[in-house]
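Worksheet for the structure shown next.
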Amino acid sequence: MPELPEVEVVRRSLASLVGGRLAGVSGHPIRLRRPLDPDSWCEQLAEARLEEVGRRGKYLLLSFGAHTAVLHLGMSGRLLLGAPGFPEPAHTHLRFHFDDGRELRFVDPRRFGMGELVPAEELGRWPWLASLGEDALQGDVRGALDRVLPRSRSTVWSGLLNQKVLAGVGNIYANEALHRAGIRPLRNARGISRPARTQLADAVKAVLAEAVEQGGTTLADGGFVDGSSQGGYFAVRLRVYAKGGTPCIQCGEKITRLQKHGRPVFFCPRCQR
DNA sequence: ACTCGCCTGTCG
DNA sequence: CGACAGGCGAGT
């Protein structure tokens, strides 16, 4: 569910925890994308202070001095701030107990998420972070697309979704950026001209920045919420995603929906060439 | 470069 | 009840 903007919104919603000290970590061992053992987190983090909440692509980084908690929300993950006595959602796998009584809960029904506790000095070498490409919000998006797309044998849509190229773009924003740039998702990446790549890079940055401003995309199912359980408002600005059959906002043509690698792709057959 | 599988919840 | 969902890595 959460792509870069949603993770960034969560990151910002946790700002009030920064500087706080842990009183403990709890939960039951469970298999997420990797096994999670809350007891070992509790031992290693002891009474650590939360120094910073960072983000790389779709990964959240909670820096506790000697260790960094690396969290990925997968499709259904949430990080929720709770007050003492606040009822706890189902599928709460991990709780950070702060010494002011507040709790940060990692909730993930579908268990596609992940939590890893990494020694700070190993963070840069940690494989899943190390393989990430340019951050799609803050990095050199144009440079990354210029380097990779002309040599890619895949579609431009796949290229945007490839986290080794750009870190943070998921299916919603890939579709939206391609519409804004007037590019058909399933075109060969190497056939995209340099000016079109520049437009695409600008569109990626613009759509992500706008989505962050709007608090992220919360679709009708209410999936995404920030740390305070607030949804975002970008869904009303979506131009193609989940809009198959409805008129294009720019030209009135019906939005096409098709399926690629089992995932939905949306585009306007008139505006996007 | 593509397919599959990991899970639960929700919707038609 | 089946189809489908925002992701991603392993295996082919």
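Every heavy atom of this structure was used, including side-chain atoms; hydrogens, water molecules and symmetry mates were not. Letters A, B, ... are given to chains in the order of the sequence lines, protein chains preceding strands, and every chain is numbered from 1.
Per the geometry, CZ belonging to A:Phe112 stands 11 Å off C1' belonging to C:dG6, to the nearest Å. To the nearest angstrom, P of B:dC4 lies 13 Å from CD of A:Gln259. Taking atom CZ on A:Arg110 and atom P on C:dA5, their separation rounds to 10 Å, with Å as the unit. Atom C1' of nucleotide B:dC7 and atom CD1 of A:Ile30 are separated by 10 Å, given to the nearest angstrom. Atom NE2 in A:His72 sits roughly 11 Å away from atom C1' in C:dG9 (whole-Å rounding). Taking atom CH2 on A:Trp126 and atom C1' on C:dG9, their separation rounds to 12 Å, with Å as the unit. Rounding to whole angstrom units, CD of residue A:Glu116 and C1' of C:dC8 are separated by 14 Å. Straight-line distance from the CZ atom of A:Arg34 to the C1' atom of C:dA10: 13 Å, rounded to whole Å.
The C1' atoms of C:dG6 and B:dA1 are separated by 22 Å, rounded to the nearest whole Å. Going from the C1' atom of C:dC8 to that of B:dT10 covers 22 Å, rounded to whole Å. Comparing the C1' positions of B:dG9 and C:dG9 gives an interatomic distance of 23 Å, to the nearest angstrom. B:dT8 and C:dA10: their C1' atoms are spaced 22 Å apart (whole Å).
Without hydrogens or angle criteria, A:Lys205 side chain to A:Asp140 main chain gives no donor-acceptor distance under 3.5 Å. Side chain of A:Asp135 to backbone of A:Gln138: a donor-acceptor contact under 3.5 angstrom is found. Not a single donor-acceptor pair under 3.5 Å links the side chain of A:Arg184 to the backbone N or O of A:Leu178. Between the side chain of A:Glu176 and the backbone N or O of A:Val240, at least one donor-acceptor pair lies under 3.5 Å. Listed for the A:Ser228 side chain is no donor-acceptor partner under 3.5 Å among the backbone atoms of A:Gln230. A:Glu116 contributes no side-chain N or O that, together with a main-chain N or O of A:Leu71, makes up a donor-acceptor pair within less than 3.5 Å. In this structure, the side chain of A:Arg273 engages the main chain of A:Arg270 through a donor-acceptor pair within 3.5 Å.
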Report task. Just do the salt bridge (Lys or Arg N to Asp or Glu O under 4.0 Å) check on A:Arg12 and A:Glu8 with the steps written out, would you? Result -> CA-CA 6 Å; A:Arg12 295 180 185 185; A:Glu8 177 62 17; 2.8 Å; yes
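Nearest nucleotide to the side chain of A:Pro264, out of C:dG6, B:dA1, C:dG9: C:dG6. In the set C:dA5, B:dA1, C:dG6, the nucleotide with an atom closest to the side chain of A:Arg257 is C:dA5. Here the nucleotide nearest the side chain of A:Trp128, chosen from B:dG9, C:dG6, C:dG9, is C:dG9.
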Requested in this report: Give DNA chain B the dot-bracket treatment, 5' to 3': Watson-Crick (N1-N3 with N6-O4 or O6-N4) or G-U (N1-O2, O6-N3) under 3.5 Å, [ ] crossing, | other strand.
Outcome: ||||||.|||||
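Using a 4.0 Å heavy-atom distance criterion, A:Tyr241 is classed as a sugar-phosphate-only contact. Within 4.0 Å of A:Arg33, counting heavy atoms only, lies at least one base atom of the nucleic acid.
Regarding contacts with the backbone of B:dC6, every side-chain N or O of A:Arg31 stays at 4.0 angstrom or more from both OP1 and OP2. Phosphate proximity of B:dC4 to A:His261: absent, as no side-chain N or O sits under 4.0 Å from OP1 or OP2. Listed pair A:Lys58 / C:dG6 fails the phosphate criterion, with no side-chain N or O lying under 4.0 Å from OP1 or OP2.
Residue-to-nucleotide contacts include no donor-acceptor pair under 3.5 Å from the side chain of A:Arg111 to the base of B:dC7.
Shown for residues 153-171 of chain A: residues whose heavy atoms fall under 4.0 angstrom of DNA chain B, namely A:Arg153, A:Ser154.
Nearest heavy atoms, A:Ser76 versus A:Asp108: OG-OD1, 2.5 Å. Heavy-atom minimum distance, A:Phe224 versus A:Thr218: O-OG1, 3.0 Å.
For the pair A:Arg180 and A:Glu210, the salt-bridge criterion is met [side-chain N within less than 4.0 Å of a carboxylate O].
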